[in-house]
Amino acid sequence: MKRRSTGRRRLLNSAVTATAMGAALLGIGALTWILYTVISRGAAAINWAFFTELPTPPGVGGGGLSSALWGTVYITGVAAALGIPLGLLAGVYLAELGRHSRLGDAVRFGSNVLMGVPSIIVGLFVYTIIVLPTGHFSGWAGGVSLAIIMLPVVARTSEDMLRMVPDSLRESALALGAPRWRATFGVIFRAARAGLITGVVLAVARVSGETAPLLFTALNSPYTVSSLNEPTANLTVTIFNYAMSPYQDWQTLAWGASLIITVAVLVLTLLSRLAFKENRTWS
Amino acid sequence: MPAASPSATSLGDRIFRWVTAISAALVLLIIGAIFVELVRHSSLSLHRFGLDFLTSTRWNPAKGEFGAASSIFGTLVSTAIALAIAVPLSLVIALFLVELAPPWISKVVGQAIELLAAIPSIIYGMWGLFVLAPVMSEYVQPALGRTLGSLPLFRGPPMGIGMGTAGLIIALMILPFITAVMRDVFRMVPDVVKESAYGMGATTWEVTRQVTVPYGIHGLAGAVFLGLGRAIGETMAVTFVIGNKHHISASLFSPGNSIASTLANEFTEASEPLYRSALVELGLVLFGITFLLQIGAHLWLRRLKKKMAVST
């Protein structure tokens, strides 16, 4: 090895340390800037009317996004109602019944692939299987596309969480004569509860901010949501439409919607962390 | 718990096995169905344009001419810019978090970074359009034009939006994500290995360069792959700032488009069957690219695991 003077090595080390700190500051600074912008511009748009009124035409002023707020809640609800049970069942298969099976391996691999498929492609796919055959955009289609995005996420996280439950617990449940399904839902699920909740909440948080899969499925609508069988108002596509519009008051509403979505996603993420930390029963 | 008769037990469990297996198989079914549906709905365009679709730069819905070259170009270029910015930056930030920062800073910053990875991409897009693009057009692009304007990369009017800004936004989006993975990789390096290097009098940088990075190189590559996968299909953040023009230019200032942004912008407006079919084919191309990337990354990681298993 080449001999180098201690001074030069120290200098190089200090230079790298300074660069690393600078980079950390730069990265964190940029991201703080984003959060600051969302909070300051968003807060200016939030008032009572924002939550209770329908959007107004540009130039009229006032108005709110009540329809989009509820639409996002409904669509995310449909996604959760489909994606969570299917994801949990798939997770059970991967962790309990098909742990070493060929199907299990293929599904594990497939889940990784599906998680990597861009969400706009999922939207395109749901457009071809639901919107085209039914002939119209709908909140249901939006919910299905979000459910497809949730499925592999819930499956993989619940598999990981179920696997953390020690085998002795499985064996004791089965030794008592419990059938497999009873041992799984009554004993193993209870032991892994905190972890399962964390995974599910994280998946909901992730899809609630999705925009691309809703563009061709739920579309958007200026009206109150009366049925999910028609184009359905939602926050994220509203942000896209309003932000791209030339109207100042629409852009303000878009910032308000951005703040709501950001806060919702961050709160859900934080909550899931807390659930995981506080009652980790198996450790 | 009442004792169940053997036959009832096996029936319940048989149903249980089937229901869970079908739910799991749904994942594979969906992937297959995405492929089949995308091919089926792009057949019109596939037949009309053949392989020319990939190389033609013409995109004229009025004349029924469709070529994906500019979208593919934009996808690759914006992704390359994003990785060129985000990868080195995340590497040093991860290094800072694991090796240099005091534990409490590392903890706080680490958690902040994980939260930032959860922020939806449309928020980044909003910020890019209303905050970053004006800054780019007023300060950054004119400055680059003055100093490096002789290069084709930095030519053209400073409009704020364009390929460079899109790359920058994607970089910011994937930065927390890659940093979090790289930090975990650095943490997996056993302390004993690092300590023995420190014990020989190595500086922090020398330990990093000669011990930590080589030890975790495969994991780091995995992090880059994951970031790449995210960047290439990123839709909303890009659509806001890329300019949305079917145009190939060497300049980072000029507006362009990506596959995802073209879909987001044009799909709901496309009423002609051929137009729609061409857009679905664009989606098929993107699906194909990400699919191959995922398989590549997965095989890479599997090989890595085998190697590690042998060496330990």
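Letters A, B, ... mirror the listed sequences (proteins, then strands); counts begin at 1. Predicted model, so just to flag it, every value in this text is computed and none were measured.
Contact record, A:Ser111 with B:Val27: N-CG1, 3.6 Å, taken as the closest heavy-atom pair. Of all non-hydrogen atoms in B:Leu172 and A:Leu31, the two that sit nearest each other are O-CD2, 3.9 Å. The minimum heavy-atom distance linking B:Gly283 with A:Ile121 is given by the pair O-CD1, 3.2 Å. Across all their heavy atoms, B:Leu89 and A:Ala23 have their closest contact at CD1-CB, 3.7 Å. Counting all heavy atoms, side chain and backbone alike, B:Ile122 lies closest to A:Thr236 at CD1-O, 3.2 Å. Shortest non-hydrogen contact noted between B:Met236 and A:Leu215 is SD-CD1, 4.2 Å.
Going from atom CD1 of B:Ile93 over to atom CG of A:Leu26 covers 7.5 Å, rounded to the nearest 0.5 Å. The distance from the CD1 atom of A:Ile28 to the CD1 atom of B:Ile113 is 5.0 Å, given to the nearest 0.5 Å. In this structure, the separation between CH2 on A:Trp181 and CG on B:Leu11 is 10.5 Å, given to the nearest 0.5 Å. A distance of 6.0 Å separates CD1 of A:Ile34 from CD1 of B:Ile169, quoted to the nearest 0.5 Å. Interatomic distance, B:Leu116 CG to A:Thr32 OG1, rounded to the nearest 0.5 Å: 7.0 Å. Expressed to the nearest 0.5 Å, how far CZ of B:Phe240 lies from CD1 of A:Ile239 amounts to 7.5 Å.
Ranked by heavy-atom pairs under 4.5 Å with chain A, the first of B:Leu279, B:Leu38, B:Ile119, B:Leu263 is B:Leu263. Interface check for chain A: of the options B:Leu132, B:Leu129, B:Leu97, B:Leu26, the most heavy-atom pairs under 4.5 Å are formed by B:Leu26. Of the residues considered (B:Thr239, B:Ile259, B:Leu293, B:Val280), B:Thr239 shows the highest number of contacts with chain A, using heavy-atom pairs under 4.5 Å. Note on A:Ala90, A:Gly98, A:Ala15: by heavy-atom pairs under 4.5 Å with chain B, the leading option is A:Ala90. Between chain B and the options A:Val92, A:Val122, A:Leu88, A:Asn112, the largest number of non-hydrogen pairs under 4.5 Å is found for A:Asn112. Of the listed residues B:Ile15, B:Val92, B:Leu91, B:Ile34, the one with more heavy-atom pairs under 4.5 angstrom with chain A than any other is B:Ile34. Interface summary for chain A: among B:Trp127, B:Tyr124, B:Phe267, the most heavy-atom pairs under 4.5 angstrom belong to B:Trp127. For chain B, the option among A:Thr19, A:Leu103, A:Leu114 with the highest count of heavy-atom pairs below 4.5 Å is A:Leu114.
Residue A:Leu259 does not touch chain B at all, counting heavy-atom pairs closer than 4.5 Å. Contacts of A:Ala205 with chain B are absent, with no heavy-atom separation under 4.5 Å from either backbone or side chain. Interface remark: B:Ala33 contributes backbone and side-chain atoms alike to the contact with chain A (heavy atom separation under 4.5 Å). For chain B, no part of A:Arg108 is nearby; none of its heavy atoms comes within less than 4.5 Å. In this structure, no portion of A:Ala155 lies under 4.5 Å from any heavy atom of chain B. No part of A:Ser208 comes within reach of chain B, as not one of its non-hydrogen atoms sits under 4.5 angstrom from that chain. For A:Val38, the part lying under 4.5 angstrom from a heavy atom of chain B is the side chain only. Residue contact with chain B, scored on non-hydrogen atoms closer than 4.5 Å, is absent for A:Leu25. For chain B, the nearby part of A:Leu132 is the side chain; its heavy atoms alone come within less than 4.5 Å. Contact annotation for B:Thr235: only side-chain heavy atoms (C-beta onward) come within less than 4.5 Å of a heavy atom of chain A. Looking at A:Ala257, there are no atoms closer than 4.5 Å to chain B (heavy atoms on both sides), in backbone or side chain. A:Phe185 touches chain B through its side chain: at least one heavy atom from C-beta onward sits under 4.5 Å away, while N, CA, C and O do not. If you measure heavy-atom distances from A:Leu151 to chain B, the contacts under 4.5 Å come from the side chain alone. Looking at B:Pro88, neither its backbone nor its side chain comes within 4.5 Å of chain A, counting heavy atoms on both sides.
Between A:Val265 and B:Pro120, the closest side-chain pair of non-hydrogen atoms falls below 4.5 Å. Contact check for A:Leu89 versus B:Val19: side-chain heavy atoms found under the 4.5 Å cut-off. Contact of the B:Glu114 side chain with the A:Arg273 side chain is registered, since non-hydrogen atoms from C-beta on lie closer than 4.5 Å. Residues A:Val16 and B:Thr204 have side chains not in contact (no heavy-atom distance under 4.5 Å, counting atoms from C-beta outward). A:Thr269 is listed as a side-chain neighbour of B:Leu115, based on a closest heavy-atom distance under 4.5 Å. Residues B:Arg276 and A:Tyr127 are in side-chain contact: their nearest non-hydrogen atoms beyond the backbone lie under 4.5 Å apart. With a 4.5 Å cut-off on side-chain heavy atoms, A:Pro118 and B:Thr290 count as touching. With a 4.5 Å cut-off on side-chain heavy atoms, A:Val107 and B:Leu28 count as touching.
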Decide side-chain contact (heavy atoms from CB on, under 4.5 Å) for B:Phe16 and A:Thr184; before the verdict, give the C-alpha distance in whole Å, the side-chain angles of both, and the deciding distance to 0.1 Å. CA-CA 10 Å; B:Phe16 181 51; A:Thr184 303; 3.6 Å; yes
Test side-chain contact (heavy atoms from CB on, under 4.5 Å) on A:Phe109 and B:Ile295; report intermediate values, then the result. CA-CA 9 Å; A:Phe109 179 68; B:Ile295 289 180; 3.5 Å; yes
Does A:Phe137 form a side-chain contact (heavy atoms from CB on, under 4.5 Å) with B:Thr268? I'd like the steps, not just the answer. CA-CA 10 Å; A:Phe137 297 99; B:Thr268 42; 4.2 Å; yes
Quick one: do B:Glu37 and A:Ile129 satisfy side-chain contact (heavy atoms from CB on, under 4.5 Å)? Show the steps, please. CA-CA 8 Å; B:Glu37 284 294 301; A:Ile129 61 163; 3.8 Å; yes
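Applying the ring pair (Phe, Tyr, Trp, His ring centres under 6.0 Å) criterion to B:Phe177, with sequence neighbours excluded, gives no partner residue.
For the pair B:Asp13 (side chain) and A:Arg180 (backbone), a donor-acceptor distance under 3.5 Å is present.
Taking the six-membered ring where the residue is Trp, B:Phe130 and A:Trp255 present tilted rings, their angle falling between 30° and 60°.
Note: A:Phe125 and B:Phe35 fail the aromatic proximity criterion, with ring centroids not under 6.0 Å apart.
Counting non-hydrogen atoms of neighbouring residues, nucleotides and ligands closer than 6.0 angstrom, the CZ atom of A:Arg10 reaches no more than 12 such neighbours. For CE of A:Met244, the number of neighbouring non-hydrogen atoms (other residues, nucleotides, ligands) closer than 6.0 Å is greater than 12.
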